[in-house]
Amino acid sequence: MGAGAVLAALRKQRGGSLSPEAATAAACFETTPDVIAAVTAGASGQELVSGGFPDDVRIATESDVSDVVPVLTDGAFMAAG
């Protein structure tokens, strides 16, 4: 779902075509009526919920909420730039 969200946004911003695989991922994201419910229903979502972290599912599905690109540096995420 995350890859589909990124690909859908890239296609919207830049136009042009995507590979068949990328287009499928983007279409999956774009046609999912309730992304939070879909992610929650998946194995990783269920694991987070059962582990006591239901808010992490919501956070993981947020779009356009950050203007920082995280980069893994020496084992920790840092803001790029």
Side-chain angles (χ1 to χ4, degrees):
M1 195 66 69
V6 170
L7 291 162
L10 284 173
R11 181 169 53 192
K12 184 177 178 182
Q13 290 267 336
R14 299 184 62 195
S17 61
L18 299 172
S19 71
E21 297 85 357
T24 299
C28 185
F29 172 75
E30 293 169 328
T31 60
T32 299
D34 187 345
V35 173
I36 294 174
V39 173
T40 300
S44 295
Q46 287 296 301
E47 186 176 322
L48 285 168
V49 171
S50 67
F53 302 99
D55 288 340
D56 286 11
V57 176
R58 181 189 50 76
I59 291 167
T61 59
E62 293 178 342
S63 287
D64 299 324
V65 296
S66 180
D67 58 2
V68 175
V69 175
V71 177
L72 186 61
T73 306
D74 297 326
F77 284 105
M78 309 289 285

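Across all non-hydrogen atoms, the minimal contact from Q46 to A41 is CG-O, 3.9 Å. Nearest heavy atom pair, residue A26 against residue A8, reads CB-N, 3.8 Å. Closest approach of L7 to A25, counting heavy atoms only: CD1-CB, 4.0 Å.
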Under 3.5 Å donor-acceptor pairs involving side-chain atoms of residues 54-65, not counting sequence neighbours:
| unit_1 | atom_1 | unit_2 | atom_2 | d |
| --- | --- | --- | --- | --- |
| R58 | NH1 | E62 | OE2 | 3.0 |
| T61 | OG1 | V57 | O | 3.3 |
| T61 | OG1 | R58 | O | 2.9 |

Could you give the side-chain donor-acceptor pairs of residues 28-35 under 3.5 Å, partners two or more places apart or in another chain?
| unit_1 | atom_1 | unit_2 | atom_2 | d |
| --- | --- | --- | --- | --- |
| E30 | OE1 | R11 | NH2 | 2.8 |
| E30 | OE2 | R11 | NH2 | 3.3 |
| T31 | OG1 | A27 | O | 2.7 |
| T32 | OG1 | C28 | O | 2.5 |
| D34 | OD1 | I36 | N | 3.4 |
| D34 | OD1 | A37 | N | 3.1 |

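With sequence neighbours excluded, the residues satisfying side chain to side chain donor-acceptor pair (under 3.5 Å) with E21 are S19. Residues meeting the side-chain contact (heavy atoms from CB on, under 4.5 Å) test with A80, sequence neighbours left out: V69, V71. Residues that satisfy the salt bridge (Lys or Arg N to Asp or Glu O under 4.0 Å) test with E47, not counting sequence neighbours, are absent from this structure.
Pairs passing the salt bridge (charged side-chain N to carboxylate O under 4.0 Å, His left out) check and including a residue from residues 66-81, sequence neighbours excluded, do not occur.
M1 and F53 end up in the same hydrophobic cluster when Ile, Leu, Val, Met, Phe, Trp and Tyr side chains are linked at under 4.5 Å.
Counting Ile, Leu, Val, Met, Phe, Trp and Tyr side chains that sit under 4.5 Å apart, directly or through other members, L72 shares a hydrophobic cluster with F77.
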